[in-house]
Each structure stands twice: as structure tokens, then as C-alpha cells.
Protein chains: 2
Amino acid sequence: MVRVARLAKDRDADRTRSLILDAAERIFARDGLRAARTLDIASQCHVTKAMIHYYFGTKEKLYQAVLDRVFLERIEGMQLASLRALPPRDALDAYISRLFGQMARKPHLGPLFALENIQNDGIYYTRSGGEVYRVLTNIVDRGMAAGVFRAMDSRHAAIIIMGACVHYFNVANNVRILWPERRHFDERLLREHIASATDFVSSALLMRRVRPRTAVHR
Amino acid sequence: MVRVARLAKDRDADRTRSLILDAAERIFARDGLRAARTLDIASQCHVTKAMIHYYFGTKEKLYQAVLDRVFLERIEGMQLASLRALPPRDALDAYISRLFGQMARKPHLGPLFALENIQNDGIYYTRSGGEVYRVLTNIVDRGMAAGVFRAMDSRHAAIIIMGACVHYFNVANNVRILWPERRHFDERLLREHIASATDFVSSALLMRRVRPRTAVHR
DNA sequence: GTCTATAGTTGGATAGAC
DNA sequence: GTCTATCCAACTATAGAC
């Protein structure tokens with residue numbers, strides 16, 4: 001190691017802390033808590049491992065801090081309280097739109113939550129993360145009561161809708177399965193997915209009149 | 001360690017090999033390749049770590065063997081070739097039904113594939129795993145051509161449908177978010193999910209005539 | 001606040017007896 | 001084919017200089 005101590009004027013506790021959180025968020029979103037390496041996190045943001053322990057104590061506490069931060073961001077970004085007040089169709093549209101707004105800004109959030117659910121049963125997030133699901137359940141229930149959504153179990157509906165929206169991000173690094181001509185995550189594909197998923201969910205839920213087709217083969 | 005060498009008559013290479021694969025499948029489905037511990041796998045099936053290396057060489061090769069096996073099971077269980085021959089609606093029903101048949105038998109398959117996609121970009125599975133998606137794409141394309149499915153990009157549709165079906169298994173260990181009265185994965189919930197998801201996907205895709213509602217509030 | 005150096009532990013893999 | 005014992009690399013976390 002030839003690196004020299006950073007100049008005093010370049011030291012900034014808030015900035016360093018936030019850089020570590022940003023890097024940790026990306027690394028944890030790929031590796032999960034157990035497989036993530038503090039060295040990977042440190043070198044991604046050009047600090048030393050010691051800094052992680054100086055600011056966060058342990059890897060586990062850093063992980064908790066990461067989830068606490070994204071949880072706050074999500075709660076603010078989704079504006080859940082306001083959704084409960086909107087009429088069901090508008091609330092559904094707004095819910096999905098805000099959800100995708102967040103995922104578009106940070107495509108790794110899907111994997112981060114997926115790993116947390118699978119590997120840790122959501123114990124680092126669930127504390128109050130369930131609100132995101134419960135608001136969606138509420139929207140579906142109100143839509144059914146108002147007669148604008150088809151009848152179905154709203155809790156299953158919430159999980160299915162969420163899956164329809166977020167699965168894309170879990171397979172995003174592997175899209176060459178379906179798009180061999182593309183090797184990586186792509187801005188245009190993302191926009192297409194958002195449009196498709198929004199449309200898909202609406203079609204599944206909405207009671208709607210369809211203009212009769214001329215040719216129906218079965 | 002007080003355990004004594006197993007009696008010669010109780011030695012069975014095929015059985016041991018298969019026990020290791022079973023245990024590894026479960027552990028990898030929770031931890032992923034990197035975080036999985038060979039000691040965990042070994043103790044789950046009451047053999048020693050040494051046996052894993054005797055039969056499979058390295059942890060990575062064991063992981064590959066696990067994915068190769070589930071890949072074969074899936075290909076056989078899905079009977080993909082036959083699906084290409086069915087009319088679109090029947091093919092879609094059969095596809096989803098067979099998919100859920102496999103997931104019901106092994107609920108950890110969802111997490112196993114999710115981790116593989118997120119953490120390894122599918123490189124241990126994709127070799128030919130894309131066929132499962134491509135058949136679904138083909139079904140959707142044929143359904144649109146026949147006028148029985150709504151118009152949409154079939155590749156996005158495939159990803160969305162898959163997400164609607166499998167997300168449930170990723171959050172299954174965390175269902176107390178929505179069902180506080182239940183603490184664990186549950187047989188009845190699974191059946192409900194299968195029914196809901198099947199219905200959801202059909203409603204989203206099918207061109208159908210809906211009988212007019214009497215009261216529509218917006 | 002940031003660095004280097006290192007302690008302490010875990011875990012993948014191997015050697016060799018039975 | 002299965003076991004015990006052990007090697008060694010990788011990793012988290014700490015100590016202490018600047």
C-alpha cells in the first residue's frame with residue numbers, strides 16, 4: 001500500500017459515511033449480508049476497511065443502516081398516506097408509478113429486498129416494511145368494494161402485483177436469455193417493462209368492457 | 001467427534017451422493033453459492049465435509065451439479081416440446097400448471113433461481129435455462145396472432161408472468177407481513193396463491209367480453 | 001478522520017488411517 | 001467409502017500511529 005493519509009481539508013465525515021452507505025447498498029444488493037465482503041465495499045468507495053468499523057461498528061450494523069436508509073427513502077417516495085385517500089384506480093396507478101420511479105432510480109433495490117427476504121426472512125427490513133404491502137392490499141380491497149376491480153383475495157393480489165413489477169429487476173443482469181443482442185441492463189428496456197407491467201396489472205384487475213373481436217378462434 | 005466409521009453394509013455411494021445433492025439444494029436456495037457453508041450442507045445430511053469433496057471436488061462444482069439436476073427436472077416436468085404444439089390458451093394453462101406443480105413440490109426452487117440470477121447473472125444455469133422463458137414467449141406470440149391474447153411485447157410478458165407466479169416463493173418465509181396470524185409457509189396459502197396467480201395471468205392476457213356492471217363509480 | 005499492520009476466526013480443501 | 005486431523009487462504013475486526 002502506497003496510499004498516503006488523506007489531506008485534512010479533504011476529510012468529511014458526512015460525505016465518507018454516505019459514500020460507504022452507497023457502496024454497501026450496491027454490494028449487499030448483489031451478495032447479501034453474509035457473502036458481502038467489507039473489503040469490496042471499502043475499495044468501491046476508496047476508503048479502507050477500518051473506516052467501515054469506525055463509522056458503523058460491524059458489517060451487520062452497516063447492513064442494518066443500509067436497509068434503514070432505503071426504507072426511509074421508500075416510505076417518503078411512495079407517500080403511502082396520500083395513497084389511502086385516493087380513489088382505488090388512481091391510487092393503483094400512483095402506487096405503481098411511484099414504485100417504478102424508485103426502482104428506475106435504483107435498479108438494485110429489487111435484488112436488495114429479494115435477498116433480504118430469502119436469506120434473512122426480512123428480519124432486518126420488516127420491522128415496518130410491511131406497510132408497503134398493506135397499502136396495496138387496501139387499494140385492492142377498496143377497488144373491489146367500489147366494483148371497479150375484479151373479485152380476488154387482496155393479499156395474494158398484492159404479492160402477485162409486486163412480483164409482476166419487480167421480477168424484471170432480479171433477472172435484469174441476465175436479460176440476454178431473452179434479448180441475446182443485448183448484454184446488459186438497458187434504459188429502453190426498462191421503460192418498456194414499466195409500460196408493460198403497468199398495463200398488465202391494470203388489465204388483470206380492472207372490470208372493463210372489451211369491444212368484441214371479429215375473429216375468435218376458441 | 002465421537003462418531004465411528006459407518007458400517008460397511010450401510011455404505012451406499014449413490015445414496016450418499018443424492019443426500020448431499022438434496023441438502024445442498026436447500027442450503028444453496030437460502031444462502032447462494034458464496035455464502036453457503038459446506039459444513040452446513042454436510043451436517044444437514046449427516047456426512048462429513050470430506051464427503052462433499054470426495055464426490056464433487058469443490059463447492060462450486062457441487063453447486064453446478066445441483067443446478068444441472070434441477071434443470072433436468074424442470075425440463076422433464078415442463079414437457080416444453082409438447083407445449084409448443086398446443087393451442088395458445090391451452091398451452092398457457094398447461095405451462096402455468098406444470099410450473100406450479102414443480103414449485104409446490106420444491107418451494108425452494110424459486111429462491112434458488114432468484115439467487116442464481118441476482119448473484120451469478122445466471123451463468124451456472126443459463127447455459128440452456130432460457131428455453132423455459134422462450135417457450136412462454138412463443139405461447140404469448142401465438143396467442144396474439146390468433147387473436148385470443150391482448151397485444152403486448154411477448155418477452156416482457158414472459159418476465160412479468162413469471163414474476164407474478166414466483167415472487168410469492170421469495171417472500172414465503174416472510175408472509176407474516178401480510179398474514180400476521182401465520183408464522184410459516186403454509187399448504188393452504190400455497191393453493192390459494194396458485195389459484196390467484198393463474199386467474200390473474202389469464203385475466204391480464206385474455207381478450208374477453210365482460211358482462212356490464214350495474215354500478216360503476218368512475 | 002484516516003491510515004497501516006495485525007490479531008483472531010472461519011471455512012474450503014487435502015492427507016492419510018481405517 | 002467414510003472418517004479424523006490439519007493445512008492454509010480469506011475475512012472481520014481491532015490497535016495504534018499520524
Side-chain angles (χ1 to χ4, degrees), chain A residues 1-28 30-67 115 119-120 124, chain B residues 1-28 30-67 115 119-120 124:
Chain A
M1 267 300 192
V2 286
R3 182 168 347 121
V4 197
R6 200 164 296 208
L7 291 176
K9 72 178 179 70
D10 288 337
R11 297 183 179 186
D12 184 337
D14 286 351
R15 181 163 180 280
T16 303
R17 198 170 194 285
S18 144
L19 283 176
I20 293 174
L21 279 173
D22 291 342
E25 200 176 292
R26 289 190 300 273
I27 298 287
F28 283 133
R30 179 172 178 101
D31 293 339
L33 171 55
R34 200 180 193 184
R37 304 290 175 232
T38 52
L39 180 60
D40 290 345
I41 296 171
S43 53
Q44 263 225 9
C45 53
H46 311 289
V47 304
T48 60
K49 280 191 300 177
M51 287 296 91
I52 289 176
H53 294 99
Y54 175 77
Y55 283 103
F56 297 96
T58 65
K59 181 174 78 162
E60 189 183 7
K61 285 181 191 162
L62 170 59
Y63 182 69
Q64 183 68 69
V66 165
L67 288 193
L115 292 178
Q119 304 187 314
N120 310 317
Y124 293 95
Chain B
M1 265 300 193
V2 284
R3 184 171 342 126
V4 198
R6 199 163 295 206
L7 292 177
K9 73 180 178 69
D10 288 336
R11 297 182 179 186
D12 184 337
D14 286 352
R15 180 163 179 279
T16 302
R17 198 169 194 286
S18 146
L19 283 176
I20 293 173
L21 278 173
D22 291 342
E25 200 176 292
R26 288 190 300 272
I27 298 288
F28 282 134
R30 179 172 178 102
D31 295 337
L33 171 56
R34 200 177 188 185
R37 305 286 176 240
T38 53
L39 180 59
D40 291 345
I41 296 170
S43 51
Q44 262 223 11
C45 55
H46 311 288
V47 303
T48 60
K49 279 194 300 177
M51 286 296 90
I52 288 175
H53 294 98
Y54 176 75
Y55 282 104
F56 298 96
T58 68
K59 181 172 80 161
E60 189 184 8
K61 285 182 192 163
L62 169 60
Y63 182 71
Q64 183 68 70
V66 165
L67 288 192
L115 293 177
Q119 305 189 313
N120 311 317
Y124 293 94

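Numbers restart at 1 for each chain; the letters A, B, ... are given by sequence-line order, proteins then strands.
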Would you mind reading off the distance between A:Leu62 atom CG and D:dC11 atom P, rounded to a whole angstrom? 17 Å

Choose from D:dT2, C:dG12, D:dA13 the nucleotide whose nearest atom is closest to any side-chain atom of B:Lys59. C:dG12

Whole-Å distance between C:dG11 C1' and B:Ile27 CD1? 14 Å

Look at B:Tyr54 and C:dA13 and indicate whether a side-chain polar atom (N or O) is within less than 4.0 Å of OP1 or OP2. no

Option passing side chain to side chain contact (heavy atoms under 4.5 Å, CB included) with B:Ile52 (candidates B:Leu39, B:Ile20, B:Thr58): B:Ile20

For B:Tyr55 and C:dA13, what is the distance between atoms OH and C1' respectively, to the nearest whole Å? 18 Å

NZ-NZ distance between B:Lys59 and B:Lys61, expressed to the nearest 0.5 angstrom: 14.5 Å

Of the listed nucleotides C:dT2, C:dG12, D:dA13, the one nearest the side chain of B:His53: C:dG12

Rounded to whole Å, how long is the line connecting atom CD1 of B:Ile52 with atom P of D:dT4? 14 Å

As a test of reading the structure: which of C:dT2, D:dT2, C:dT4 is closest to the side chain of B:Thr16, going by heavy atoms? D:dT2

Would you say the base of C:dG12 and the side-chain of B:Lys49 have a donor-acceptor pair closer than 3.5 Å? yes

How is A:Ala42 classified with respect to the nucleic acid when contacts are heavy atoms under 4.0 Å: base, sugar-phosphate, or nothing? nothing

B:Met51 CE to C:dG12 P, in whole Å, measures 16 Å

Of the nucleotides C:dT4, D:dA13, C:dG1, which has the atom closest to the A:Thr48 side chain? C:dT4

Base, sugar-phosphate, or nothing: which does A:Phe56 touch, judged by heavy atoms less than 4.0 Å apart? nothing

Please classify the nucleic acid contact of B:Ala50 as base, sugar-phosphate, or nothing, using heavy-atom distances under 4.0 Å. base

Let me know the distance between CG of B:Leu39 and C1' of C:dT9, rounded to the nearest Å. 14 Å

With a 4.0 Å limit, can you tell me whether B:Arg37 has a side-chain N or O closer than that to the phosphate oxygens OP1/OP2 of C:dG11? yes

When we call it a touch if two heavy atoms are under 4.0 Å apart, what does B:Ala36 touch: a base, just sugar-phosphate, or nothing? sugar-phosphate

Grab the CZ-P distance between A:Arg34 and D:dC11 for me, whole Å please. 14 Å

Over how many whole Å does the gap from B:Ile20 atom CD1 to D:dC3 atom C1' extend? 13 Å

With respect to A:Phe56, which candidate in A:Leu21, A:Val66, A:Thr38 satisfies the side chain to side chain contact (heavy atoms under 4.5 Å, CB included) definition? A:Leu21

side-chain hydrogen bond (donor to acceptor under 3.5 Å, both in side chains) pairs touching residues 13-27 of chain A, sequence neighbours excluded, are A:Asp22-A:Arg69, A:Glu25-A:Arg69, A:Glu25-A:Lys106, A:Glu25-A:His108, A:Arg26-A:Gln44

Tested for side chain to side chain donor-acceptor pair (under 3.5 Å) against B:Tyr124, the lone hit among B:Gln64, B:Gln119, B:Glu60 is B:Glu60

